[in-house]
Amino acid sequence: MAEGARQLDETPESATVVVIGAGPAGLTVASLLRRCGIDCVVLERRSREHVAQRQRAGIVEARAVRMFESWGLADLVLGGPPHDGILEFRVDGESHLVDDSDGSEGPGARLCPQQVLVQKLTAAHLADGGDLRYEAADVTLHDLTGDRPMVRYRSADGTPHAISCAFVAGCDGEHGVTRTAVPDGHLTAHTLDHGIGWLTVLADAPPPAHPLLAVSPQGFAAHFPRGPHSSRYYLQCPPDDDPGAWPDDRIWDALRTRLADPALTAGPITDRETFRLRGLVNEPMQYGRLFLVGDAAHIVSPMGGKGMNLALYDADLFARAVRDQVRDGDDTALRTYSERCLRRVWSDQEFSHWLTRTVHDAGDATRCGPFLQRLARARLDRLFSSPAAARAFAELMTGLDPAQDRPASTGR
Ligand code: APR
């Protein structure tokens, strides 16, 4: 059927913003827009149940907690206990407790698993009358450089739909479609592969007293809380290692050795997968009326827990920018969205890179050699002994580093 004929068949719906994806980025964008009284439609490819059970990140950094507080949403959408601000580094079995709170006034980080945040954001948005559409298939974007982009999709029953809008928020993660809607030549992907693999394990086993990073000659390991009775573990492994090469016994043996905790309590393993530590940033994060938010724009290695928190940061900047445009006719924040997001993205990429190299090079030197191993150990010694180094670390862990939040430039 000719394009014209199909358009004649459909009376497109209209919305100010169409959000593609209902993960942390999409749901936060939708929730913040609703707080501004700005209408949006969220189109999510998967079912609500599937999205709600996806377990990934586990900490909402202090900056993001305060962001939700500033919108009056913290009590509604944050679960899990406060993080006590203590991170444990265990180097060859020797424990070093590092204060990763920066001592500023205001609420600190929350040990809120990603699925809890997503479930609470979803429930709050729907309770508030939000328009969340699951199992939306074949999303396509049109006229992104015009004043009224068009988003087309099929609902679960196969019915075609069209929504005319002012802005599109691409919140569809690394494997979504919004980034691919940008014509070639407009985006540049910057990538880094650390050459390090991780086995990540979820288990119904007691969480640690503090989030724990362990350096050992056998390689890196970590133990993080994921709720009152569950834990996430990481084990350094060869890049592209097969999770099937890690039966339960091997996992618990390696954790007990690398965490220097022979009495570590085991538990039923509910998920295990391997992945490569890498970084990816797409520049710029906007094209016409399309704005990329979260994993759709950038991927960061899990060191430092910045993946989800960067998504929350982008979402906050985008919602405020749309509010400025819709309420005040001021497009400054929209025009500078990408440059302001990227300032924090690159700072968090640098922090994650620093921490990734430090805790891996300090351990098994076969990959990096003795010189880089000693550099990494010197960085850890500095962190454990210098108050200035510890404070700089805490600012980055909390996301409260003031240098990362440059006001929007007014230059065109
Ligand atoms: N159409 C509609 N929805 C889509 C499409 C599509 N073509 N492609 C992907 N999606 C949905 C996915 O099903 C998912 O629910 O977009 C959502 C993207 O969510 P995330 O991948 O969680 O990305 P984001 O919201 O940016 O959150 C980043 O999630 O994966 C973790 O480690 C990551 O903690 C980080 C956080």
Side-chain angles (χ1 to χ4, degrees), residues 18-32 40-61 64 77 111-119 121-122 125 131-141 151-156 161 163 168-182 198 200 202 224 226 232 234 271 273 275-282 285 290-319 341 344-345 348-349 352 399:
V18 175
V19 178
I20 315 295
L27 288 167
T28 301
V29 164
S31 302
L32 303 189
C40 76
V41 175
V42 182
L43 302 178
E44 165 55 51
R45 176 175 60 180
R46 308 301 295 265
S47 70
R48 178 176 177 182
E49 295 68 30
H50 176 88
V51 177
Q53 54 73 40
R54 202 166 42 208
Q55 302 198 47
R56 290 282 193 281
I59 188 164
V60 176
E61 67 184 11
V77 304
L111 298 175
C112 176
Q114 178 167 323
Q115 72 276 16
V116 171
L117 178 65
V118 165
Q119 290 161 16
L121 278 166
T122 304
H125 191 57
D131 188 342
L132 254 177
R133 303 180 190 180
Y134 289 94
E135 298 179 71
D138 305 330
V139 166
T140 55
L141 310 182
V151 178
R152 298 183 184 283
Y153 74 98
R154 287 185 183 284
S155 46
H161 298 267
I163 309 175
V168 180
C171 305
D172 46 350
E174 182 184 7
H175 306 295
V177 293
T178 57
R179 198 178 55 248
T180 59
V182 178
W198 268 7
T200 177
L202 268 176
F224 294 134
R226 283 293 185 275
R232 181 175 284 283
Y234 294 114
D271 185 41
E273 55 185 293
F275 60 94
R276 297 178 76 100
L277 297 191
R278 61 196 175 93
L280 163 67
V281 180
N282 286 285
M285 289 174 50
L290 171 65
F291 295 82
L292 300 176
V293 184
D295 275 17
H298 39 70
I299 297 293
V300 61
S301 105
M303 286 310 313
K306 294 304 180 185
M308 181 168 70
N309 287 297
L310 277 174
L312 302 179
Y313 181 77
D314 297 347
D316 180 38
L317 261 60
F318 174 70
C341 286
R344 177 172 290 275
V345 166
D348 280 359
Q349 288 282 2
S352 181

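Whatever order the structure lists them in is the order used to number ligands and atoms, beginning at 1. Since this is a predicted model, take the numbers as computed values, not measurements.
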Sole residue of Gln55, Arg226, Gln53 in side chain to side chain donor-acceptor pair (under 3.5 Å) with Gln115: Gln55
Heteroatom distance test (Glu174, ligand 1): nitrogen or oxygen, under 3.5 angstrom: no
Top protein contact for atom 32 (O) of ligand 1, by heavy-atom distance: Asp295 OD2, 4.0 Å
Taking salt bridge (charged side-chain N to carboxylate O under 4.0 Å, His left out) as the definition, give me every residue that meets it alongside Arg46, ordered by chain and number, with sequence neighbours left out. none
Could you find the nearest protein heavy atom to atom 13 (O) of ligand 1 and give me its residue, atom name and distance? Glu44 OE2, 2.7 Å
Got Leu117 and Leu312 here, is their nearest side-chain heavy-atom distance under 4.5 Å? yes
Any N/O of Arg45 closer than 3.5 Å to an N/O of ligand 1? yes
Checking Arg232 side chain against Phe224 main chain: does a donor-acceptor pair fall under 3.5 Å? no
Atoms of ligand 1 less than 4.0 Å from Arg46 heavy atoms? 13 (O)
Do the ring planes of Phe291 and Phe318 sit parallel (below 30°), tilted (30 to 60°) or perpendicular (above 60°)? tilted
Give the numbers and elements of all ligand 1 atoms closer than 4.0 Å to a heavy atom of Ile20. 1 (N), 2 (C)
Just which atoms of ligand 1 are under 4.0 Å from any heavy atom in Gly294? 26 (O)
Please list, in number order, the atoms of ligand 1 under 4.0 Å from a heavy atom of Gly176. 8 (N)
Could you name the option among Gln114, His175, Met308 that has the heavy atom nearest to atom 31 (C) of ligand 1? Gln114
I'd like to check which ligand 1 atoms, numbered from 1 as shown, lie under 4.0 Å from a non-hydrogen atom of Leu43. 2 (C), 3 (N)
Looking only at protein heavy atoms, which one is nearest to atom 21 (O) of ligand 1, and what is the separation? Gly173 CA, 3.9 Å
Which ligand 1 atoms, with their elements, are less than 4.0 angstrom from a heavy-atom of Val177? 7 (N)
Under 3.5 Å, is there a donor on one side chain and an acceptor on the other for His298 and Asp314? yes
For Asp316, all residues meeting side-chain contact (heavy atoms from CB on, under 4.5 Å), sequence neighbours excluded: Leu32, Met67, Trp71, Arg320
Give me the nearest non-hydrogen protein atom to atom 27 (O) of ligand 1 as residue plus atom name, then the distance to 0.1 Å. Pro24 CD, 3.5 Å
Check ligand 1 against Cys171 and write out every atom of the ligand that is under 4.0 Å from a heavy-atom position of the residue. 16 (O), 17 (C), 18 (C)
Short N or O distance, Ala25 and ligand 1, threshold 3.5 Å exclusive: yes
Does the side chain of Val19 reach to within under 4.5 Å of the side chain of Val293, using non-hydrogen atoms? no
Contacting atoms of ligand 1, where contact means under 4.0 angstrom from a heavy atom of Arg54: 13 (O), 14 (C), 15 (O), 19 (O), 22 (O)
Check whether any side-chain N or O of Asp172 sits under 3.5 Å from a backbone N or O of Val177 as a donor-acceptor pair, and report yes or no. yes
Considering only the protein, which heavy-atom contact is closest to atom 9 (C) of ligand 1, and what is its distance? Asp172 O, 3.2 Å
I'd like to check Arg45 versus Val139 (side-chain heavy atoms, cut-off strictly below 4.5 Å). Are they in contact? no
Ile163 versus Arg133: any side-chain heavy-atom pair under 4.5 Å? yes
